[in-house]
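The residues of the chain are indexed from 1 along the displayed sequence. Ligands are counted one by one from 1 in listed order, and the atoms in each one are counted from 1 as well. The basis for the numbers below is simple: all heavy atoms, side chains too, and nothing from hydrogens, waters or symmetry mates.
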Amino acid sequence: MSAIASLFQETARLAAGFRQAAPPRHVPTHDYATSLGCFDEPLPAAGSDMLDVIRQLAKDAEPGLHATTGPRFFGWVIGGSHPVGVAADFLTSAWGQNAGNHVAAPAAAAVETVAARWLLDLLKLPTESSVGFVTGATVANFTCLAAARGEVLRQVGWDADANGLFGAPEITVLIGDDAHTTVFSALQFLGLGHDRVQRLRTDPMGRIDPVALADTLDTVSGPLIAILQAGQINTGAFDDFAAIIPLLKAKRAWVHVDSAFGLWAQASAKTSHLSRGIEAADSWATDGHKWLQTPYDCGYAIVRNELAHRRAMTIAASYLPLAGEGERDPSHYVPELSRRARGFATWAMLKHLGREGIAALIDQCCASAREVAHLLAREPGIAILNEVTLNQLVIRFGTGLPAEDGDALTRKTIERIQADGTIFAGGAKWRGRDVLRLSVTNFQTTSDEAQLAAESIITAFRSISALTRPR
Ligand SMILES: *Cc1c(COP(=O)(O)O)cnc(C)c1O
């Protein structure tokens with residue numbers, strides 16, 4: 001067998017071994033410092049054998065890996081890296097394509113054309129929209145807002161792409177108080193400032209208050225960008241697009257929606273009412289590596305006005321071929337020139353699951369979230385603080401206790417849950433109080449897994465409350 005074949009076969013064996021070993025614990029045995037100890041050595045002067053390098057990598061890395069690909073990982077919002085997406089990604093790496101343009105990588109550009117069309121169809125967005133394949137929702141927000149910035153200024157006669165923001169007319173940026181932190185980062189990168197925004201009051205679930213919006217709109221004029229949200233990071237709540245977007249459109253605003261995971265509600269008949277009216281926006285940022293289960297990294301910047309998208313992102317040079325009619329240059333829709341061919345894994349996931357499989361995946365995650373919520377809510381002392389309409393849960397322990405005691409009990413329960421390791425989930429602050437957050441975003445989280453998760457949370461809570469109960 002050739003050296004390449006044995007290297008790749010051994011790599012595939014290691015990968016399969018990792019995925020097939022049912023993790024008894026959902027937390028890594030190595031923390032950062034221990035992992036660093038495994039890798040920390042001076043730059044080697046001499047090289048090492050290919051197989052040895054890969055075997056050592058697997059041996060030293062695996063104890064420091066979270067079971068994010070497992071069925072009971074509920075931390076942050078992290079998709080499961082579906083095996084089919086991973087396999088397509090293996091090939092993507094082996095092929096070594098540079099997805100910058102259609103001449104350097106014809107198949108990568110072509111697959112993006114088709115995957116983009118499928119995504120718009122699945123997510124029920126305007127068919128004329130363009131799609132950039134980016135690293136994730138952070139860069140998708142950046143890309144969409146760059147298009148927004150250029151277009152709202154172009155409408156008042158200012159070319160921001162050529163002249164920047166020096167001396168430009170002011171742009172008003174409206175954003176909900178409970179927007180994701182990465183949207184503020186995107187505004188920062190774009191020279192719009194993360195603090196120079198008008199924040200809009202939100203309701204207890206984190207939705208923009210339409211009255212607060214209407215009041216603010218009475219006071220603003222000129223170039224306007226409004227940033228809405230589908231899927232609040234804690235509660236999973238959606239802004240009321242059907243009510244809000246028409247108000248914004250009456251003011252000629254560019255409406256952007258951060259919908260990293262929430263946009264996928266569009267893909268199921270059971271959840272699409274949550275995102276009703278979202279298609280009237282101008283741009284949408286979403287992830288493949290969350291609900292579509294592609295491996296990391298993969299996100300999509302979707303812009304209704306293709307020309308605005310291209311104006312903001314096109315990279316031109318004499319040595320770069322120009323796409324002709326009907327040809328796609330992937331770099332025209334993203335900040336990078338050279339990059340990974342993310343279209344392959346996206347195409348593979350859409351082809352493997354199909355419209356029905358994706359709807360079933362969304363439904364299963366939401367049903368499992370509801371099941372955990374239902375089981376936990378029966379336990380005295382545990383409260384679910386959000387309306388579980390999607391896949392997110394906000395959980396509070398020690399209801400009935402003074403707030404500080406409830407915070408302490410919640411933090412201790414989270415520690416116990418993590419030490420036990422049957423599931424992984426982490427804490428957050430919601431409305432000033434400590435909470436446990438669960439995000440059900442994995443294709444393997446069935447009803448059985450949801451029951452195991454609820455049991456392990458209740459067991460941890462009971463053991464902590466027994467310890468802390470006053471005698
Ligand atoms: C995850 C997330 C982001 C950031 O996405 P990345 O893929 O981590 O870049 C932005 N907004 C929301 C609502 C998210 O859930």
Can you establish whether the number of heavy atoms outside Trp347 located under 6.0 Å from its atom CH2 is more than 12?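 No, not enclosed.
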Does the gap between the ring centers of Trp284 and Tyr300 come in under 6.0 Å?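 Ring-ring flag for Trp284/Tyr300: false, centres at least 6.0 Å apart.
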Quick one: are the ring centres of Phe74 and Phe424 less than 6.0 Å apart? no
Touching ligand 1 at all, Gly299? Heavy atoms, strictly under 4.0 Å?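 The answer is no: ligand 1 sits nowhere under 4.0 Å from a heavy atom of Gly299.
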Of all the non-hydrogen atoms in the protein, which one sits nearest to [atom], and at what distance?
atom                    : result
atom 13 (C) of ligand 1 : Asp258 OD2, 3.4 Å
atom 5 (O) of ligand 1  : Ala137 CB, 3.1 Å
atom 15 (O) of ligand 1 : Lys290 NZ, 2.8 Å

Atoms of ligand 1 close to [X] [distance to a heavy atom under 4.0 angstrom, numbered from 1]:
X      : value
Phe261 : 15 (O)
His289 : 7 (O)
Gly231 : 13 (C)

Does Trp264 use its side chain to pair, donor to acceptor, with the backbone of Asp287 at less than 3.5 Å?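 Judged by distance alone, yes, a pair lies under 3.5 Å.
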Nearest non-hydrogen contact to atom 10 (C) of ligand 1 from the set Val183, Thr286, Thr182 belongs to Thr182
Nearest heavy atom to atom 4 (C) of ligand 1 wins, so pick from Thr135, Thr138, Asn141, Ile233.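 Of the listed residues, Thr138 has the closest heavy atom.
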Is there a side-chain contact between Ile233 and Val77 (heavy atoms, below 4.5 Å)? yes
Separation of Met205 CE from Arg431 CZ (nearest 0.5 Å):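 Interatomic distance, Arg431 CZ to Met205 CE, rounded to 0.5 Å: 8.0 Å.
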Let me confirm one number: the CD-CG distance from Glu170 to Leu224, rounded to the nearest 0.5 Å.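 So the gap between those two atoms works out to 12.5 Å.
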